Protein chains: 2
Amino acid sequence: MVAHWTETLKDKGFRLTAPRKAIVDQVSRYADPFTAEEVYQHLKKQGVGRATVFRTLKLLHELDILVRVHLEEGCQHYQLGVATSSHPEHHHDRIICRMCGSISYLDECPMKKNVADIAKRSGYRVQGRHLDLYGVCRSCDQ
Amino acid sequence: MVAHWTETLKDKGFRLTAPRKAIVDQVSRYADPFTAEEVYQHLKKQGVGRATVFRTLKLLHELDILVRVHLEEGCQHYQLGVATSSHPEHHHDRIICRMCGSISYLDECPMKKNVADIAKRSGYRVQGRHLDLYGVCRSCDQ
DNA sequence: CAAATTAATGATACTCGGTATCAGGTATTT
DNA sequence: AAATACCTGATACCGAGTATCATTAATTTG
């Protein structure tokens, strides 16, 4: 599965370097959202630079391999995307655990049926949405 | 209406100082979301310090006079709250114009009826939500 | 396979939003 | 008017992220 992402890199004309391999490999180990700083702390002993980590995560995001997560703490968190599904960039319906940060995506878009009605009433031309539900996931909820 | 907010400050035991008056006054002039930096740029010639602007906006937010807006550009934007309504802190259903940044709040929470169902299916205990619709408002939509 | 070319790297300095500190100043209390 | 809070501006600082740039590594070309 790491191989799959390195393929994507090569296919798009990016070079498959040692730092990039290390970053992709590290990233694939996280189940929960992570920051660039965390990745850097794991890889700096191998000689991977901070700037490279930031650059590479940004690249992986642009390639839809990672999704960005706003955990409201002011800094970027990333997570492996559910990007193999039909619309990689349109995962706007999420449910986020406040304890562990895990994110699930809602299969059905509960808002879909309401959008037309809202557009009419608000006078807006609605183009997109971003729905985050917050709560506690089953394994954190004791 | 500025008087109303200065009242709120006094009522809660905060002092009504010249910098605070200037900030509240400036803030009340904005129709669109604004940043602390913008406020500071307007008031520094009057001798108001940067730290004071940040501190005061934070305070006004804590008093529910301002709402925070995440415009996805990495920095805080504020806007005068619709805080006189029943739940000042629970305005999680918004519609945001991508052209001018203006924000409207949806009176009815279209998600309310779906939450129980989502909770059951996802296994999460749902505590809150944050819904942003993006689009173009009527006056920007030509 | 070697040389030329192009992309990627790590170090560093820097930006930017925001916060902590702290001595001096200004409201309020007595 | 004096005491006591609180608030202020200046400054230094922090953390996330980016720009620069000389060096290095991957690819392309011969």
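Keep in mind that what you see is a predicted model, and the values were worked out from it rather than measured. As a basis for the values below, the full set of heavy atoms in this structure was taken, side chains included, without hydrogen atoms, waters or symmetry mates. Quick note on labels: first sequence line is chain A, next is B, and so on, each numbered from 1.
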### Query
Which nucleotide in the set C:dG18, C:dG10, D:dT18 lies at the smallest distance from any side-chain heavy atom of A:V48?
C:dG10
### Task
Indicate, yes or no, whether a donor-acceptor pair under 3.5 Å links the base of C:dG18 to the side chain of B:R50.
yes
### Summary
CD1 of B:I23 to CG of B:L43, rounded to nearest 0.5 Å, is 6.0 Å
### Message
If you only use heavy atoms from C-beta on, which nucleotide in D:dT8, C:dT9, C:dT19 is closest to the side chain of B:P19?
### Response
D:dT8
### Interatomic distance where CG belongs to B:L59 and P belongs to C:dT19 [whole Å]
13 Å
### Message
Between P on C:dT28 and CG on B:D11, what's the gap in Å once rounded to a whole number?
### Response
13 Å
### Message
I need a per-nucleotide contact map over nucleotides 20-30 of chain D, read 5' to 3'. Cutoff is protein heavy atoms under 4.0 Å; write B for the base, S for backbone only, - otherwise.
### Response
B----BBS---
Atom pairs and distances, side-chain donor-acceptor, residues 44-56 of chain B, under 3.5 Å, sequence neighbours left out:
residue: B:K44; atom: NZ; partner: B:Q41; partner atom: OE1; Å: 3.0
residue: B:R50; atom: NH1; partner: B:E37; partner atom: OE1; Å: 2.9
residue: B:T52; atom: OG1; partner: B:R55; partner atom: NH2; Å: 3.4
residue: B:T56; atom: OG1; partner: B:T52; partner atom: O; Å: 2.7

### Query
Rounded to the nearest Å, what distance is computed from the CG atom of residue A:L43 to the C1' atom of nucleotide C:dT9?
14 Å
### Task
Check the distance between D:dA10's C1' and B:K44's NZ and give it to me in whole angstrom.
14 Å
### Summary
Rounded to whole Å, NZ of A:K58 lies from P of C:dT9 at a distance of 14 Å
#### Entry: Shortest non-hydrogen contact from B:L66 toward B:F34
CD2-CZ, 4.0 Å
### Task
Evaluate the side-chain proximity of A:L60 to A:W5: yes if any heavy-atom separation is below 4.5 Å, no if none is.
no
#### Entry: Side chain proximity check, B:L59 to B:L9, heavy atoms < 4.5 angstrom
yes
### Task
Apply side-chain contact (heavy atoms from CB on, under 4.5 Å) to the pair A:T35 and A:L57, showing each step before the final yes or no.
CA-CA 9 Å; A:T35 63; A:L57 292 186; over 6 Å; no
### Query
Salt-bridged, B:D25 to B:K21, with N to O below 4.0 Å?
no
### Query
Which is it for A:V39 and A:Y30 under the side-chain contact (heavy atoms from CB on, under 4.5 Å) test, yes or no, and what are the steps along the way?
CA-CA 10 Å; A:V39 176; A:Y30 293 108; 4.0 Å; yes
### Query
What is the distance from CZ of A:F34 to C1' of D:dA16, rounded to the nearest Å?
16 Å
## Note on the structure
Sequence neighbours excluded, the answer for salt bridge (Lys or Arg N to Asp or Glu O under 4.0 Å) partners of A:R20 is none
### Terminal axis angle for the helix from C:dC1-D:dG30 to C:dT30-D:dA1, five pairs an end, nearest 10 degrees
20°
### Atom-pair distance (OH on A:Y40; P on D:dA16), nearest Å
13 Å
### Task
Find the distance A:F54:CZ to C:dA13:C1' and express it as a whole number of Å.
15 Å
